[in-house]
Q: 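I'd like to ask some things about the structure below.
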Amino acid sequence: MCGIVGFNGYRQAAPILLEGLSKLEYRGYDSAGLAVRNGTADVELVKAKGRLRALYEKTNGGMAMEGTLGIGHTRWATHGEPSETNAHPHCSDDRNVVAVHNGIIENYKELQEKLLRNGYRFYSQTDTEVAVKLIDYYFKKYKGGPVDAIARAMMRIRGSYALAVLFKDCPDEIYVARKDSPMVIGLAGDETYMASDVPAILKYTRSVYYIGNREIARLGKGTAEFFNIDREPVEKEPTEIKWDAEAAEKGGFEHFMIKEIHEQPKAVRDTINSAVTEEGTIDLSALQFTDEMIRNISNIQIVACGSAYHVGVAGQYVFEDLCRIPVRVELASEFRYRNPILDPDTLVIIISQSGETADSLAALREAKERGVRTLGIVNVIGSSIAREADHVFYTMAGPEIAVATTKAYSAQLICIYLLAIRFAAVRGNITEEKAAEMIAELRTLPDKIERILEDKERIQWFAAKFSTARDIFFIGRGIDYAITLEGSLKMKEVSYIHSEAYAAGELKHGTISLVEDGTLVIGSLTQKELYEKTLSNMVECKSRGAYLMGLTNYGNYSIEDTADFTVYIPRTDPHYTTSLAVIPLQLLGYYLSVTKGLNVDKPRNLAKSVTVE
Ligand code: M6R
């Protein structure tokens, strides 16, 4: 995820900015840049692709950049590949406005068109350059000063942002603004520090101001003034940071995995907003996937590994039900050696968080060699799969640090839903009204995930009870089977407890012999038509001594007659239940691992990106 730092004082700024950025490296980035101001001289800009080391070397550790005021940025690509041109800071042509940005500007295309009509030119593929030039446009048009120009831009921008802005006319000031993207300001004597994340400024001060949503701040040397979007002054009291540096990296959470579990509402919302227009329709133009291509698809093959494969399993049910297109889901390591039968109108969808998984990449190449259309669902911009697939649908999860995927998995599911709804509407399987209804329901998912997270203490309590479990079985049918596959993998990889996911009807064909007194069996029952069937499979386990946990929708209270412990999830469209039911299962894996004192963020024998066969 991008990182922002800023400094305004009487010492050389660039070395301080580089040090601040180094504290944000753990968040992941692909390029970095600095803008430093030396009195009234023009802003000096230096950017470098790749590691911070490159920027460090280009600036001699910052010593080559004179000036006591500046802003810095580490970029995680969201719009446009990792490159020096796309790296921040961005500036207006005359360097009147220079800025760095975190977040996603959803209506950047529309704003860019407005600016093009007003004579602006664009050099990068970023939404940030649009924000910079929009501020410049309002600054020059209304001549109301920096706060006015930023406020006007904020009224036009849709999406999330944390912005740090320098204006040519204000050589001693940094301006910042934010909405739904964090920004913290610290004062220490006659120095002012600013960052997107606490670790970058912790060395200098623990007394910080949190700038509120849709607020603006003017930062002098050792001063900070705040304004609301109506340009009225806002009074603020500083807050004392009590976290140590390690806790600060995790935003106050104990581990990255739990932090990322909590970031899921945002990952889901950002991914929806990347493809759903203001009018509530799905726009796949960024993927360059036309309606004609959609109509021509004869069958879909989804290929992936691990959790991404589990997204594919859920996707199979969703696509087949909504679009009536035959779907096959396959592990990439199998697909690549199977000599698959692909007709010319097959669409191969490769799902991968990293975009670098060796088997998934090889499967993509195999499909391309056979001349079929390929679509990557990828989190990392500029990764191999993103570069090589014919079409790319980016998940907006931001960098994932914990080895066990959570938020990338959730974002991948959203891409699948959006594709399925669009395909179904274009092929006439569902009406436009039905599509609109499904999109409206999709938009409720972030809040519903939030509600499930509010109840996490119950799962924590339950995990403590089963921390010595030896085997755990997950059962479900249809989409619930896909949910259990992911629940079981999360359990295994972080808690080291043996677990298996079974299609509920399959249990009695062998595996039920492993169920004995006290064995935990977790049943997922989110599909109305399959509820009774799975319930009776749970009863079969109970009569062999199993302890039953039920995972079902609010309202299915009859489950309490059978299950020993139940977790309820909010009701939603049955195609989307994976997005909700997976949350308690991620929490369960996480809490079991923590209760057992394991390294939950880096489980043994696992790597975040599997680049070998
Ligand atoms: O980067 P990818 O999505 O291609 O990775 C695929 C799997 O290696 C990954 O999902 C793995 O199973 C995770 N550790 C699961 O949490």
Side-chain angles (χ1 to χ4, degrees), residues 28 255-261 263-264 267 271 302-315 329-336 348-365 367 374-389 392-416 474 482-497 499 501 578 582-583 585-590 592-593 598-613:
H255 302 101
F256 284 113
M257 184 175 170
I258 189 74
K259 176 172 181 266
E260 287 162 4
I261 286 175
E263 283 169 354
Q264 290 180 109
T271 307
I302 305 179
V303 186
C305 303
S307 295
Y309 167 78
H310 299 155
V311 169
V313 179
V329 197
E330 193 150 22
L331 293 164
S333 52
E334 290 296 309
F335 177 90
R336 63 184 293 195
V348 172
I349 302 181
I350 308 279
I351 310 176
S352 174
Q353 185 283 128
S354 61
E356 300 295 349
T357 301
D359 285 320
S360 304
L361 183 58
L364 169 70
R365 288 177 178 159
T374 57
L375 188 161
I377 296 179
V378 183
N379 197 38
V380 181
I381 294 192
S383 58
S384 303
I385 294 175
R387 278 186 278 112
E388 294 186 30
V392 187
F393 198 162
Y394 284 111
T395 46
M396 295 291 168
E400 206 176 45
I401 294 166
V403 166
T405 182
T406 51
K407 60 176 181 168
Y409 167 91
S410 285
Q412 289 162 355
L413 281 171
I414 298 299
C415 294
I416 291 286
F474 289 77
I483 295 167
T484 63
L485 284 171
E486 179 59 7
S488 171
L489 181 64
K490 283 289 89 80
M491 175 74 66
K492 280 189 272 245
E493 65 181 336
V494 297
S495 78
Y496 309 160
I497 296 173
S499 81
T578 317
V582 77
I583 309 292
L585 301 182
Q586 294 170 342
L587 288 167
L588 187 58
Y590 170 77
L592 274 166
S593 175
L598 302 174
N599 187 346
V600 67
D601 284 337
K602 287 195 181 123
R604 68 185 177 204
N605 308 337
L606 293 178
K608 182 70 187 158
S609 175
V610 185
T611 52
V612 290
E613 256 193 74

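One-based numbering along the sequence shown. Each ligand, and each atom within it, is numbered from 1 in the order the structure gives.
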Q: How far is atom 8 (O) of ligand 1 from its nearest protein heavy atom, and which residue and atom is that?
A: V610 CG2, 4.0 Å
Q: For atom 16 (O) of ligand 1, which protein heavy atom lies nearest, and how many Å away is it?
A: E493 OE2, 2.4 Å
Q: Quick one: side chain to side chain donor-acceptor pair (under 3.5 Å) partners of E388, sequence neighbours excluded?
A: R365
Q: Mark up the atoms of ligand 1 that fall under 4.0 Å of a heavy atom belonging to S354, in ascending order.
A: 1 (O), 2 (P), 4 (O)
Q: Looking only at protein heavy atoms, which one is nearest to atom 6 (C) of ligand 1, and how far off is it?
A: C305 O, 3.4 Å
Q: Compare all side-chain heavy atoms of M491 with those of L592 and state whether any distance is below 4.5 angstrom.
A: yes
Q: Where do V600 and S593 come nearest, in terms of heavy atoms and distance?
A: CB-OG, 3.3 Å
Q: Taking C-beta and beyond as the side chain, do Q586 and K407 meet within less than 4.5 Å on heavy atoms?
A: no
Q: Can you list the ligand 1 atoms lying under 4.0 Å from a non-hydrogen atom of A404?
A: 16 (O)
Q: Using a 4.0 Å cut-off to any heavy atom of Q353, which atoms of ligand 1 qualify?
A: 1 (O), 2 (P), 3 (O), 4 (O)
Q: Can you name the nearest heavy-atom pair linking H310 to L485, along with the distance?
A: CE1-O, 3.4 Å
Q: Using ring-ring contact (aromatic ring centres under 6.0 Å, His included) as the criterion, list what pairs up with F256, not counting sequence neighbours.
A: Y26
Q: Can you report which non-hydrogen protein atom sits closest to atom 15 (C) of ligand 1, along with the distance?
A: S307 OG, 3.0 Å
Q: Quick check on contacts: which atoms of ligand 1 are under 4.0 angstrom from a heavy atom of K490?
A: 15 (C), 16 (O)
Q: Start with the C-alpha distance between E493 and L606, add both sets of side-chain angles, then the distance that settles side chain to side chain contact (heavy atoms under 4.5 Å, CB included), and finish with yes or no.
A: CA-CA 8 Å; E493 65 181 336; L606 293 178; 3.6 Å; yes
Q: Mind checking whether L606 has a heavy atom under 4.0 Å from ligand 1?
A: no
Q: What residue and atom, counting heavy atoms only, is the protein's closest point to atom 4 (O) of ligand 1, and at what distance?
A: T357 OG1, 2.4 Å
